[in-house]
There are 2 protein chains.
Amino acid sequence: MNKKQVTAEHRHFPWDHPRFRSWIAVARACQLMQQTLTRRLAHLDVKPPHLDILINLYRFDGITQQELAHKLLVGRSNMSMLLPQLEQRGLIERRGDARDKRVLRLSLTPAGRTLTEQAMEIQTALIENSLGGAPIEDCMKIAASMERIIAALLKEEGELP
Amino acid sequence: MNKKQVTAEHRHFPWDHPRFRSWIAVARACQLMQQTLTRRLAHLDVKPPHLDILINLYRFDGITQQELAHKLLVGRSNMSMLLPQLEQRGLIERRGDARDKRVLRLSLTPAGRTLTEQAMEIQTALIENSLGGAPIEDCMKIAASMERIIAALLKEEGELP
DNA sequence: ACATAATTGTACAACGATGAACAAAAAGCA
DNA sequence: TGCTTTTTGTTCATCGTTGTACAATTATGT
């Protein structure tokens, strides 16, 4: 009946809160997934940040650097540092927009598209393997929870600038 | 081995897979949470990596740098870079072990303990706020799923060295 | 006991991410 | 039109993270 009250005095440690412990697990899983993905992509000379870029160019051809940075939740300067590398490797193209001479429109080259497909294959396999034990319904519920968290954090972030 | 031939006809993209989409949501939520936490901790001059260290010293007094790095899933060199900073700020102490002269045993100073409690307060509030909408049971299920993922990734990582 | 291997922490160079300052171009407004 | 403000991308200095090589210490094996 009053098991909660008994433990109530000890509940002032963060790691005793269920939500806190849950989030720590989420963060650790993310960190490990990132590290594992980094190793599995190494032979393609692609790192997670590069893959994030490539996948978005695969999906959204002709996107601008600004839009890309926004999707990836990083600063514009980040794109200015990474994109020229991918361009020099012949994986992407940056063409100036005719109507707006400020923007650079991004697209994959054939080589970039091929490499992206190989890398996505690896990433998908890793994900399917790691959470293959979880039923689809559980994954959907997790996704729904995460979407709510994302919305809450984006909202408060949007109030800053 | 080649299940891919099945999907080849309909060109299934990764973002059409439920598990893939779920994991992307998890990663984005983590990224946003980290960024928000960074801003909320700024006035304490503490960043998420520092807080991770402080919390672990709070829980596990007398831990070694090696053990700490292992818990945080980072390299030893990382600790060698960060810990002297925290030591100079008077937040932690590093004392050599008498029996094993290689190891440095870490502990919080009173100032470090106070700062850690303030920072944990902020982090806990952010987490409770962000996933406050999710029922405790959902959080527990998410935690269970993440633990399984962590176990799977740690296992395959342990087979490497 | 002695040589070899494994461990613990450090130093250093390379890379990614960030924020501020900047130039060019476009948009808004009088 | 002419002026200011906003947007877009770049540059740069700074910081965190990583991997490698290294020194000191301990453990292991013969």
Side-chain angles (χ1 to χ4, degrees), chain A residues 27-28 30-32 34-42 45-54 62-89 92-106 157 160-161, chain B residues 27-28 30-39 41-42 45-54 62-89 92-106 157 160-161:
Chain A
R28 277 180 67 88
C30 268
Q31 205 179 343
L32 268 170
Q34 187 95 341
Q35 290 176 0
T36 306
L37 182 62
T38 300
R39 285 198 305 272
R40 297 220 183 161
L41 291 175
D45 198 19
V46 169
K47 288 170 187 174
H50 303 143
L51 181 53
D52 286 340
I53 292 174
L54 293 174
I63 200 178
T64 70
Q65 293 193 187
Q66 168 86 314
E67 295 165 338
L68 182 57
H70 186 254
K71 281 183 185 297
L72 299 181
L73 302 172
V74 298
R76 287 168 302 174
S77 54
N78 194 343
M79 296 297 98
S80 279
M81 305 286 281
L82 294 184
L83 290 175
Q85 301 175 10
L86 298 177
E87 190 179 26
Q88 283 191 327
R89 287 175 60 184
I92 70 172
E93 273 184 2
R94 302 201 292 172
R95 279 188 304 274
D97 189 308
R99 279 172 288 192
D100 189 338
K101 292 174 189 167
R102 293 172 300 181
V103 315
L104 291 176
R105 304 224 159 255
L106 309 169
E157 191 189 44
L160 281 187
Chain B
R28 276 179 68 87
C30 268
Q31 204 179 345
L32 270 170
M33 188 72 88
Q34 187 96 338
Q35 290 175 0
T36 308
L37 182 61
T38 300
R39 286 197 306 273
L41 290 175
D45 196 21
V46 169
K47 288 169 186 175
H50 302 143
L51 182 54
D52 286 340
I53 292 174
L54 294 173
I63 200 178
T64 70
Q65 292 193 188
Q66 167 86 313
E67 294 165 339
L68 182 57
H70 183 72
K71 280 182 187 297
L72 298 181
L73 302 172
V74 299
R76 287 167 310 190
S77 53
N78 193 341
M79 296 297 97
S80 279
M81 305 287 283
L82 294 184
L83 290 174
Q85 300 175 10
L86 298 177
E87 191 179 26
Q88 284 191 327
R89 287 174 61 184
I92 70 172
E93 272 184 1
R94 300 203 290 172
R95 279 189 303 274
D97 188 310
R99 278 171 287 191
D100 190 337
K101 292 173 188 166
R102 292 172 301 183
V103 315
L104 291 176
R105 304 223 159 257
L106 310 168
E157 192 190 43
L160 281 188

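All values below come from the heavy atoms of this structure, side chains included, with hydrogens, waters and symmetry mates left out. We name chains A, B, ... by the order of the sequence lines, and we start the count at 1 in each one.
Summarising the geometry of B/Lys47 relative to B/Leu41, their closest heavy-atom pair is C-CD1, 4.4 Å, with the distance given to 0.1 Å. Shown here for A/Ala27 and B/Cys30, the closest heavy-atom pair between the two residues is CA-SG, 3.9 Å. The two atoms that bring B/Asp97 and B/Arg99 nearest to each other are OD1-N, 2.7 Å, heavy atoms only. Here the shortest heavy-atom pairing between B/Ile53 and B/Met79 reads CD1-CE, 4.0 Å.
Computed from coordinates, the B/Lys47 NZ to C/dG19 C1' distance equals 11 Å when rounded to whole Å. Going from atom NZ of B/Lys101 over to atom C1' of D/dA24 covers 11 Å, rounded to whole Å. B/Asp45 has its CG atom 11 Å from the P atom of D/dC15, to the nearest Å. Separating the CG atom of A/Leu68 from the P atom of C/dA17 is a distance of 12 Å, rounded to the nearest angstrom. Between A/Met79 atom CE and D/dT11 atom C1' there is a gap of 16 Å when expressed in whole angstrom units. Between the CG atom of A/Asn78 and the C1' atom of D/dT11 there is a distance of 14 Å, rounded to whole Å. In this structure, CG of B/Leu86 is placed 10 Å from P of D/dG16, rounded to the nearest angstrom. Counting to the nearest Å, the P atom of C/dA17 and the CD atom of B/Gln31 are 9 Å from each other.
With distances taken from any side-chain atom of B/Arg102 to the nucleotides D/dT26, D/dT17, D/dT7, the minimum falls on D/dT26. With C/dT18, C/dT8, D/dT18 as the candidates, the nucleotide lying closest to the side chain of B/Val103 is C/dT8.
Using a 4.0 Å heavy-atom distance criterion, B/Asp100 is classed as a sugar-phosphate-only contact. At the heavy-atom level, A/Glu67 lies nowhere under 4.0 Å from the strands shown.
Residue whose closest nucleotide on DNA chain C sits further toward the 5' end, between A/Arg99 and A/Met81: A/Met81. Of the two residues contacting DNA chain D, namely B/His50 and A/Leu83, the nearest-nucleotide position lying further toward the 5' end is that of A/Leu83.
Regarding contacts with the backbone of D/dG16, a side-chain N or O of B/Gln85 is found under 4.0 angstrom from either OP1 or OP2. For the pair A/Gln65 and D/dT10, the criterion of a side-chain N or O lying under 4.0 Å from OP1 or OP2 is met. Using a 4.0 Å cut-off, some side-chain N or O of A/Arg94 falls inside it from OP1 or OP2 of D/dT10.
Residues forming a side-chain contact (heavy atoms from CB on, under 4.5 Å) with A/Lys101 (at least two apart in sequence, or on another chain): none. Partners of A/Pro84 by side-chain contact (heavy atoms from CB on, under 4.5 Å), not counting sequence neighbours, listed by chain and number: A/Arg94.
Ion pair A/Arg95/A/Glu93 flagged as a salt bridge, since at least one NZ, NE, NH1 or NH2 atom sits closer than 4.0 Å to an Asp/Glu carboxylate oxygen.
Within residues 69-77 of chain B, the residues having any heavy atom closer than 4.0 Å to DNA chain D are, in order of number, B/Val74, B/Gly75, B/Ser77.
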